[in-house]
Student: 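Mind looking over this structure? Questions follow.
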Amino acid sequence: MHTVTAGIIDHVRRQDPEQHEFHQAVTEFMTSVDKIVDDIPDIVFDKVLERLVEPERVVMFRVPWMDDDGTLQINRGYRVQMNSAIGPYKGGLRFHPSVNLSIMKFLAFEQVFKNSLTGLSMGGGKGGCDFDPKGKSDHEVMRFCQSYMTELSRHIGEDTDVPAGDIGVGGREIGYMFGQYKRLNNKFVGVLTGKGPAWGGSFIRPEATGYGLVYLAGAILEGAGMGFEGRTCLVSGSGNVAQYTVEKLNQLGAKVVTLSDSSGVLHDPAGIDDKKLAWVKALKNVRRGRISEYAKQFPGCTYLPHNGAETSNPLWSVPADYAFPCATQNEINELDAKHLLENKIKLVAEGANMPTSAAALDLFRDAGVLFAPAKAANAGGVAVSGLEMAQNSSRLQWTPKEVDAYLLKIMKNIYANISTAAETYSRKGDFVDGANIAGFLKVADAMVAQGYV
Ligand code: NDP
């Protein structure tokens, strides 16, 4: 490796030894941009890469809230404002017990390049809290969201930092946080995206990440002379991204045979058709139930609970043509990748952020599997968030058809850009290098132009 990129990887590991997810994200990125360091002298001279791995600002704060029993609970909140070279910070909020500074920093770091790939003016950020919405009443979630926003509101704004949803943050949580921001600031502005369509939200935002994932995967498949019709697909997770991935795959004639949640894995060999998907949406979004209930509702399926001691995830052992990990980071490990390859998987498209471990990614790349990295593949969500910001600024609301057409165009552009960057700087079809390099070049250009900030 180049001494500069190798030195940065070494630096982040030594500086924050416990931040494994952040190291993983930085290492993958540096391995890609390594190929262009010597082509652009400013990158080295202006220490662009060194500046990129240091967040512009990190806010970490106490979130006190009262549960239904009248007991005071304390959580830890975060917002990482990673890079604002090409626009206001933009990126989701994650509410999950696993949230820590390493996960926040890896997500914020990847967001910088993902947002750049959309072609819209958005910097990168990410936030969240180690709060677990599962099993909490609506009133508890409301009190928590109000407390979280009371502190966060000092650091965000429609031209400064515009958060959205992520794991554990959907329409309900965005509503409570928007209400509290408006109350504190006496301003109705587009400070959050993912709002309801009646109060400033964009149509197609809930669908955008899943639909965009399938649009990007479709462009890659088309480039390889393949398609979706009659193909069997694996989808993990059962939340926002998973649900709309299944919906779009069904529309395009594919058959999805798996879903999961943090408790276990569901396999439905007959396929999760639109009727079953509608049931899943009600289960997950309204009743907030567990995916195990699906197996009781629809005979002929198998449900395997996680026992916490597995070395591999049984979902990735199900034979299929294409895989769409849509749950969480590092959900495909080396053994899972081996199982997928044994079953001759043809495409892996990342709906979740960094769902593929470094060792698994190496196996996929060596095997020449079509691989759509998260930075490109799940950029549809933030792209439509960017369109929501544009609609809010102009006080207009576009139709679902208009927004969907924009989304499709953006995903096709991303495919064109990452393919060109792969061919120019790395090798044809290496979309990991393509996404990292194409996303980076625009940010680097802006950072050099704006001086040492
Ligand atoms: P949701 O909270 O709607 O759904 C998350 C799903 O993943 C749930 O089924 C959840 O199960 C499961 N899950 C979460 N953590 C784990 C875990 N540790 N092990 C196994 N399963 C787990 O989140 P989203 O669908 O919004 O997000 C999914 C992924 O997509 C994340 O990586 C997120 O960063 C990424 N993403 C989301 C975007 C968006 O627009 N929402 C945009 C771009 C990326 P359970 O219900 O049991 O918790």
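Read the numbers this way: they start at 1 and go in the same order the structure lists the ligands and their atoms.
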Student: With the threshold set at 4.0 Å, does a side-chain nitrogen-carboxylate oxygen contact exist between Asp268 and Lys255?
Tutor: no

Student: What about Phe440 and Phe29, are their ring centers closer than 6.0 Å?
Tutor: yes

Student: Which heavy atom of the protein is the closest neighbour of atom 18 (N) of ligand 1, given with residue, atom name and distance?
Tutor: Thr328 CG2, 3.6 Å

Student: Which of the numbered atoms in ligand 1 are under 4.0 angstrom from any heavy atom belonging to Lys284?
Tutor: 46 (O)

Student: Between Arg205 and Trp398, is NZ or CZ placed under 6.0 angstrom from the six-membered ring centre and within 45° of the ring axis?
Tutor: no

Student: Does either side chain, that of Lys248 or that of Tyr215, offer a donor lying less than 3.5 Å from an acceptor on the other one?
Tutor: yes

Student: Atoms of ligand 1 less than 4.0 Å from His96 heavy atoms?
Tutor: 15 (N)

Student: Starting at CD of Gln146, measure out to CD of Gln180 and round the result to the nearest 0.5 Å.
Tutor: 4.5 Å

Student: What's the shortest distance from atom 37 (C) of ligand 1 to any protein heavy atom, and which residue and atom give it?
Tutor: Val241 CG2, 3.4 Å

Student: Could you find the nearest protein heavy atom to atom 4 (O) of ligand 1 and give me its residue, atom name and distance?
Tutor: Gly239 CA, 3.3 Å

Student: How long is the straight-line distance from CD1 of Ile204 back to CD of Glu402, given to the nearest 0.5 Å?
Tutor: 11.0 Å

Student: Do the side chains of Lys346 and Asp321 get close enough for a salt bridge, i.e. N-O under 4.0 angstrom?
Tutor: yes

Student: Are any of the N/O atoms on Asn240, whether in the backbone or the side chain, positioned under 3.5 angstrom from an N/O atom of ligand 1?
Tutor: yes

Student: Counting non-hydrogen protein atoms only, what is the nearest one to atom 33 (C) of ligand 1? Give residue, atom name and distance.
Tutor: Asp166 OD1, 3.0 Å

Student: Which part of Cys326 is near ligand 1, with near meaning a heavy atom under 4.0 Å away: side chain, backbone, both or neither?
Tutor: backbone

Student: Side chain or backbone, does Arg205 bring an N or O within less than 3.5 Å of an N or O on ligand 1?
Tutor: yes

Student: So, Lys90 versus Thr193: side-chain donor-acceptor pair below 3.5 Å or not?
Tutor: yes

Student: Checking a contact table here: which protein heavy atom is nearest atom 12 (C) of ligand 1, and how many Å away?
Tutor: Ala327 CB, 3.9 Å

Student: Answer yes or no: does an N/O atom from Arg290 fall short of 3.5 Å to an N/O atom of ligand 1?
Tutor: yes

Student: How far is atom 32 (O) of ligand 1 from its nearest protein heavy atom, and which residue and atom name does that atom have?
Tutor: Asn353 N, 3.1 Å

Student: Which word best sums up how the rings of Phe228 and Tyr322 line up, parallel for under 30°, tilted for 30 to 60°, or perpendicular for over 60°?
Tutor: perpendicular

Student: May I ask whether Lys134 has any heavy atom positioned less than 4.0 angstrom from an atom of ligand 1?
Tutor: yes

Student: Between the side chains of Ser357 and Glu334, is a donor N or O closer than 3.5 angstrom to an acceptor N or O?
Tutor: no

Student: Indicate, as side chain, backbone, both or neither, the part of Ser260 found under 4.0 angstrom from ligand 1 when only non-hydrogen atoms are considered.
Tutor: backbone

Student: Only heavy atoms of Gly237, strictly under 4.0 Å: list the atoms of ligand 1 that pass.
Tutor: 9 (O)

Student: Is the distance from the ring center of Phe188 to that of Phe178 below 6.0 Å?
Tutor: yes

Student: Using the six-membered ring wherever Trp is involved, compare the ring planes of Tyr294 and Phe298 and label them parallel, tilted or perpendicular (cut-offs 30° and 60°).
Tutor: tilted

Student: Mind checking whether Thr209 contacts ligand 1 via backbone (N, CA, C, O), side chain (CB onward), both or neither, at a 4.0 Å heavy-atom cut-off?
Tutor: side chain

Student: Give me the ring orientation class for Phe95 and Tyr148: parallel if the planes are under 30° apart, tilted from 30 to 60°, perpendicular past 60°.
Tutor: perpendicular

Student: For atom 27 (O) of ligand 1, what is the nearest protein heavy atom, given as residue, atom name and distance?
Tutor: Ile167 CG1, 3.6 Å

Student: Please confirm whether Ser262 comes within less than 3.5 Å of ligand 1 when only nitrogen or oxygen atoms on both sides are compared.
Tutor: yes

Student: Is it the case that atom OH in Tyr176 sees more than 12 heavy atoms from other parts of the structure closer than 6.0 Å?
Tutor: yes

Student: Gly168 heavy atoms, cut-off 4.0 Å: which ligand 1 atoms fall inside?
Tutor: 2 (O)

Student: Of all the heavy atoms in Arg94, does at least one lie under 4.0 Å from an atom in ligand 1?
Tutor: yes

Student: Go through ligand 1 atom by atom and flag the ones less than 4.0 Å from a non-hydrogen atom of Ala352.
Tutor: 29 (C), 30 (O), 32 (O), 35 (C)

Student: Between Glu173 and ligand 1, find which residue part has any heavy-atom pair under 4.0 Å and reply side chain, backbone, both or neither.
Tutor: neither

Student: Using a 4.0 Å cut-off to any heavy atom of Ser238, which atoms of ligand 1 qualify?
Tutor: 9 (O)

